[in-house]
2 protein chains.
Amino acid sequence: MDSRKKARLTKAGWTTGSTADFLNLSDEESAYIEMKLALSRKLRERRMANKLTQAELADALASSQSRVAKMEAGDPTVSIDLLIKSLLVLGVSKKELARTIS
Amino acid sequence: MDSRKKARLTKAGWTTGSTADFLNLSDEESAYIEMKLALSRKLRERRMANKLTQAELADALASSQSRVAKMEAGDPTVSIDLLIKSLLVLGVSKKELARTIS
DNA sequence: AGAGCGTATGTCAGAAATGACATACAATCA
DNA sequence: TGATTGTATGTCATTTCTGACATACGCTCT
């Protein structure tokens, strides 16, 4: 598995075609990573729409600027839990979350 | 916040009306808990549809029977990450996950 | 009654995620 | 140029989650 390393490689732009194929990710692993990245993008989108800096959002979340940066970067050390909690604080509804991940 | 205690109380059936109201949960907290419980129910539903025992599912997940039981019980120590990963292993699609949480 | 099966619950050592900090990078000013 | 602002990235101590184990509960048999 070693999905951490895989994610790092993926992030580093080490593929031209399908990352899933190249890294031999299972369907479940692919789906999981796709969901996480979709949530990451949504977070950045929402933060910017609200005209917040990462530091300001971090305050609202009782977190830190560096963690917000990692959330938006899809860092492997960030859980879906944290992404969801953050999006909820930003006022995203369950319905919109659902739309985001599907 | 102390959402652990709140979740335990909720589980213990300590309300007749709205649990959110009674426990002074914020909208975000309510939404988060609702999503978790929806995923819990879906997990049990899928496991049973596949005619698996908790122990058998635990094997498929490289987890343990007790953790599966906790997942299905909506235990506060279970993350949404774990629920999602488990559902994906059970063959649930992103689309169905989305439908579940919304 | 006792045996077997599936599930629930408490505990805990080890693993993973988190906030915080330092620091580097990039862009935009004056 | 240097200063400021926002973001990225690495590290680390603490917190939280996880699998494993023990054990209890409920049910269905014989």
Side-chain angles (χ1 to χ4, degrees), chain A residues 1-14 29 32-33 35-37 39-41 43-89, chain B residues 1-14 29 32-33 35-37 39-41 43-89:
Chain A
M1 296 291 172
D2 195 6
S3 62
R4 293 246 169 158
K5 189 177 180 186
K6 284 178 186 171
R8 284 192 196 280
L9 287 173
T10 304
K11 264 210 329 149
W14 266 103
E29 289 171 324
Y32 179 77
I33 291 180
M35 289 176 55
K36 243 176 90 165
L37 293 181
L39 293 170
S40 296
R41 287 188 295 266
L43 183 66
R44 165 155 289 173
E45 183 187 314
R46 277 305 220 133
R47 175 177 65 81
M48 291 188 154
N50 291 17
K51 298 204 195 303
L52 296 173
T53 65
Q54 290 182 344
E56 288 167 341
L57 176 55
D59 278 355
L61 300 173
S63 181
S64 60
Q65 179 269 326
S66 57
R67 189 128 303 271
V68 172
K70 279 160 191 165
M71 285 193 233
E72 294 185 352
D75 189 283
T77 72
V78 172
S79 71
I80 285 190
D81 271 85
L82 186 60
L83 284 164
I84 287 181
K85 285 178 184 169
S86 302
L87 285 165
L88 289 173
V89 169
Chain B
M1 295 293 171
D2 196 6
S3 63
R4 293 244 170 158
K5 189 177 180 186
K6 284 177 185 170
R8 286 192 196 282
L9 286 171
T10 305
K11 266 211 326 151
W14 267 102
E29 289 172 326
Y32 179 78
I33 292 180
M35 288 176 54
K36 243 176 89 165
L37 292 181
L39 293 170
S40 296
R41 287 190 294 266
L43 184 66
R44 167 157 287 174
E45 183 187 314
R46 278 303 221 132
R47 174 178 67 80
M48 290 186 154
N50 290 16
K51 297 201 195 308
L52 297 172
T53 66
Q54 291 182 343
E56 288 167 339
L57 174 55
D59 278 355
L61 299 174
S63 181
S64 61
Q65 179 269 326
S66 57
R67 190 128 300 271
V68 172
K70 280 160 191 165
M71 285 193 237
E72 294 185 353
D75 188 284
T77 72
V78 172
S79 70
I80 285 192
D81 274 84
L82 187 61
L83 285 165
I84 287 182
K85 285 178 185 171
S86 301
L87 285 165
L88 289 174
V89 169

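As a basis for the values below, the full set of heavy atoms in this structure was taken, side chains included, without hydrogen atoms, waters or symmetry mates.
Going from atom CG of L61(B) over to atom C1' of dA20(D) covers 15 Å, rounded to whole Å. Rounded to a whole Å, the CD1 atom of I80(B) is 17 Å from the C1' atom of dT18(C). One atom, CG of L83(A), and another, P of dT18(C), lie 8 Å apart when rounded to the nearest Å. In this structure, D75(A) atom CG and dT18(C) atom C1' are separated by 11 Å, rounded to whole Å. The NZ atom of K36(B) sits 13 Å away from the P atom of dT16(D) (whole-angstrom rounding). For K85(A) and dT15(D), the NZ to C1' distance is 12 Å, given to the nearest whole Å.
Looking at every heavy atom in both residues, G74(A) comes nearest to L37(A) through CA-CD2, 4.1 Å.
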Strictly under 3.5 Å: I want the nitrogen or oxygen pairs between protein and nucleotides 27-30 of chain C, one per line.
none

Contacts under 3.5 Å, N or O only, protein and nucleotides 21-29 of chain D:
from, atom 1, to, atom 2, distance (Å)
dC21(D), N4, S66(B), OG, 2.6

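Within 4.0 Å of V68(B), counting heavy atoms only, lies no atom of the nucleic acid at all.
At least one donor-acceptor pair under 3.5 Å links the side chain of K36(A) to the backbone N or O of V78(A).
Annotation: proximity of residues 47-55 of chain A to DNA chain D (heavy atom, distance under 4.0 Å) is found for R47(A), T53(A), Q54(A), numbered in ascending order.
Every residue was checked against the side chain to side chain donor-acceptor pair (under 3.5 Å) condition with S40(B), not counting sequence neighbours, and none meets it. Take S63(B) and apply the side chain to side chain donor-acceptor pair (under 3.5 Å) test, not counting sequence neighbours, and it matches no residue. With sequence neighbours left out, the side chain to side chain contact (heavy atoms under 4.5 Å, CB included) criterion links A69(A) to Q54(A), Q65(A). Considering only residues two or more places apart in sequence or on other chains, K85(B) meets the side chain to side chain contact (heavy atoms under 4.5 Å, CB included) condition with Y32(A). Taking the salt bridge (Lys or Arg N to Asp or Glu O under 4.0 Å) definition, one finds that R67(B) meets it with nothing, sequence neighbours left out. In this structure S79(B) satisfies the side chain to side chain donor-acceptor pair (under 3.5 Å) test with no other residue, sequence neighbours excluded. By the salt bridge (Lys or Arg N to Asp or Glu O under 4.0 Å) test, R44(B) pairs with E72(B), sequence neighbours left out.
Nearer to the 5' terminus of DNA chain C, by closest-nucleotide assignment, is the contact made by E72(B) (compared with the other of E72(B) and D81(B)).
Listed by first and then second residue, the salt bridge (charged side-chain N to carboxylate O under 4.0 Å, His left out) pairs involving residues 49-60 of chain A amount to none (not counting sequence neighbours).
The side chain of T77(A) places no N or O atom within less than 4.0 Å of a non-bridging phosphate oxygen (OP1 or OP2) of dT18(C).
You'll find the side chain of L57(B) stays beyond 4.5 Å of the side chain of M71(B), heavy atoms only.
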